[in-house]
Colleague: 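Please find one structure pasted underneath; my questions will follow.
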Number of protein chains: 2
Amino acid sequence: MAARTTKANPIPSVWARRAREADQPALSRAAIVREAVVMLDADGVEALSMRKLGARLNAGATSLYRHVATKDELMELAVDEVFGEIAVPAADGADWRAAATEAAQSFRATALRHRWLSSVLGQAGLAYLGPNLMSFSERLAALFADAGFPEPERAIETVLSYVIGMSTTEAAWLTTVARSGESEADFIARLMPAAQQAVADHEHLAEAYAAEVVDPVALRDDKFAYGLEVVLDGLALRRPKAS
Amino acid sequence: MAARTTKANPIPSVWARRAREADQPALSRAAIVREAVVMLDADGVEALSMRKLGARLNAGATSLYRHVATKDELMELAVDEVFGEIAVPAADGADWRAAATEAAQSFRATALRHRWLSSVLGQAGLAYLGPNLMSFSERLAALFADAGFPEPERAIETVLSYVIGMSTTEAAWLTTVARSGESEADFIARLMPAAQQAVADHEHLAEAYAAEVVDPVALRDDKFAYGLEVVLDGLALRRPKAS
DNA sequence: CTCTCGATGCGCACACTGTACGCAGGGGGG
DNA sequence: CCCCCCTGCGTACAGTGTGCGCATCGAGAG
């Protein structure tokens, strides 16, 4: 029956001819990447499969491969996509510390908003050459060059390493918390007995674990800011004008 | 035919009864973890499967599950295993900078020797409570407490974040290089044209990419040492005795 | 000695993954 | 008008982690 059409339209030229294409902007690399980021944000890196992503876009899994060579390439694109969210202030020369702090905070916020980012970076690093990553680096370079650092890349790598390391640790922690389904404070409370026992015969650690955590979010904010100040102090010592 | 035995011994009580068990120490959690680390080192994190690991140990895939609850747990154990390789000097009070530097270098060396470490840390963080990770943390805490820092954890987290971030980036880069099959210098040489083109209209980046890389290994060593000095300088400013 | 029991290893099966391949259909250029 | 190329998809394959139940074996009880 109906030898011409395989299954979609029983009769050619009916009411809703290609109605789907009208409301869905078909399939495009941009739409795929956007939806992939949404899925990654929602359920983490192990929950993103080509089949599920295709289904979300009203498409078959293998259709995606017309726009994206491979899943790894998709991840590269997703990484570059979220790098576009990081705000690096333009170099205005005056207050490089404030600018660097703002950039670092923006990076951290992005990494915590997209908790899969760090783990993907760990597998592929910053070796990508995506446009957003490029302009991110360029703006950072401009900032530190403008501040008078003779080797801006060194400064960038130092502060970026700190920010990446701290954000990675935080993101991993928050992922663990999220998997438990509890609030961060509840999770900590439930974990405390086990942790204190594990730490019992390590005197310095026991001391560190003794304090009660009242506001975990503020505590993490503080830690990040503290370390950032340390790094920026160390860099300030190396800025020619200063000494 | 031989209704009793399914397939292994055609005749009971023959010459080589249980010969295999004699030379192979059976299967144990320790042996599994050890071999898993070997496989991870050799071919990276995506090449480790329970089937292949089982085969390497003359065992079936599912036999491993008698000793390890899940693959994730195996990875936790592997992480703790390699944390045992990191050498943190005992606190001797005098030269905390030298001790911290040694610990940081040892961490980096371990992370580069086991390049899968960073990517796993990105997925699970330092939330593990394994014994080696515990004593690693304890020794670090002792070191900084002995140096007179009032909040040793803050100092630890700062320097550790830097070290993790830098090591992660390096490990990811080295993994990319290794996949190409070329030496690091050759890979860089081959990449230069593409990189310089991608960087063409970013003036500060172009400047940074202009220099020729003659000894990539030494360059990476330098970068790491530079950033580490920056961080330690920043910490030194906060040590009570110093100011 | 026999009998039983707990620990260990393993084959099978299931649901799921990334992706190669070749076919169908529709829009744009000759 | 026809043709061709681009896009989407169904099928298929090799591989994954792991639950389940059975076979085996060493040790201890009678």
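We use all heavy atoms of the structure for the numbers below, so side chains are in, but hydrogens, waters and symmetry mates are not. In what follows, chains are A, B, ... by sequence order, proteins preceding strands, each numbered from 1.
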Colleague: Can you tell me if A:Ser63 touches the phosphate of D:dC9, counting only side-chain N or O atoms and a distance under 4.0 Å to OP1 or OP2?
Modeller: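 Answer is yes, contact under 4.0 Å.
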Colleague: Tell me which nucleotide among C:dG18, D:dT16, D:dC9 gets nearest to the side chain of B:Arg51.
Modeller: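 So the nucleotide nearest the side chain must be D:dT16.
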Colleague: Are side-chain heavy atoms of A:Thr175 and A:Trp116 found at a separation under 4.5 Å?
Modeller: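 A side-chain contact under 4.5 Å is absent here.
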Colleague: Is a side-chain donor or acceptor of B:Asp80 paired with a backbone partner of B:Asn132 at a separation under 3.5 angstrom?
Modeller: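 Yes; judged by distance alone, with no hydrogens or angles, the pair exists.
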Colleague: Does atom CD of B:Glu46 have more than 12 heavy-atom neighbours, drawn from other residues, nucleotides or ligands, at distances under 6.0 Å?
Modeller: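 Above 12, so yes.
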Colleague: Does A:Ala61 or B:Gly60 map to a spot on DNA chain C nearer the 5' end, using the closest nucleotide for each?
Modeller: B:Gly60
Colleague: Applying a 4.0 Å non-hydrogen cut-off, can you work out what A:Leu74 is touching in the nucleic acid: base, sugar-phosphate, or nothing?
Modeller: nothing
Colleague: In whole angstrom, what separates B:Met50's CE from D:dG19's P?
Modeller: 10 Å
Colleague: Does A:His67 make a side-chain N or O approach to OP1 or OP2 of D:dG8 shorter than 4.0 Å?
Modeller: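 Answer is yes, contact under 4.0 Å.
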Colleague: Taking atom OH of B:Tyr209 as the centre, report whether more than 12 heavy atoms of other residues, nucleotides or ligands fall under 6.0 Å from it.
Modeller: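 No, because the 6.0 Å sphere around OH of B:Tyr209 holds 12 heavy atoms or fewer from other groups.
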Colleague: Does OP1 or OP2 of C:dT17 have a side-chain N or O of A:Lys52 closer than 4.0 Å?
Modeller: yes
Colleague: Rounded to whole Å, please give me the gap between NZ in B:Lys71 and C1' in D:dG15.
Modeller: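 For the pair B:Lys71 NZ and D:dG15 C1', the rounded distance is 12 Å.
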Colleague: Without decimals, in angstroms, what is the distance between A:Glu46 CD and C:dC16 C1'?
Modeller: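 So the CD-C1' distance, A:Glu46 to C:dC16, works out to 14 Å.
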Colleague: Looking at B:Val177, is its backbone amide N or carbonyl O close enough to the side chain of B:Ser180 to form a donor-acceptor pair, meaning the two atoms are under 3.5 Å apart?
Modeller: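 Looks like yes, one N/O pair under 3.5 Å.
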Colleague: Quick check for you: among C:dG18, D:dT16, D:dG21, whose closest atom lies nearest to any side-chain atom of A:Ser49?
Modeller: C:dG18
Colleague: Base, sugar-phosphate, or nothing for A:Thr62, non-hydrogen atoms under 4.0 angstrom?
Modeller: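 Answer is base: heavy atoms of A:Thr62 come under 4.0 Å of a base.
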Colleague: I need the CZ-C1' distance between A:Arg66 and C:dC23, as an integer number of Å.
Modeller: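 Result: 10 Å.
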Colleague: Round to the nearest Å and state the distance from B:Leu48 atom CG to D:dT16 atom P.
Modeller: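 Computing the B:Leu48:CG to D:dT16:P distance gives 10 Å.
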Colleague: Distance check needed: C:dT17 P versus A:Asp72 CG, whole Å only.
Modeller: 16 Å
Colleague: To the nearest Å, how far apart are A:Tyr65 OH and C:dA20 C1'?
Modeller: 10 Å
Colleague: Looking across every strand, which nucleic acid part, if any, lies under 4.0 Å from A:Leu53 by heavy atom: base, sugar-phosphate, or nothing?
Modeller: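 No contact.
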Colleague: C:dT8 C1' sits how many Å from B:Leu64 CG, rounded?
Modeller: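 Whole-Å distance recorded here is 12 Å.
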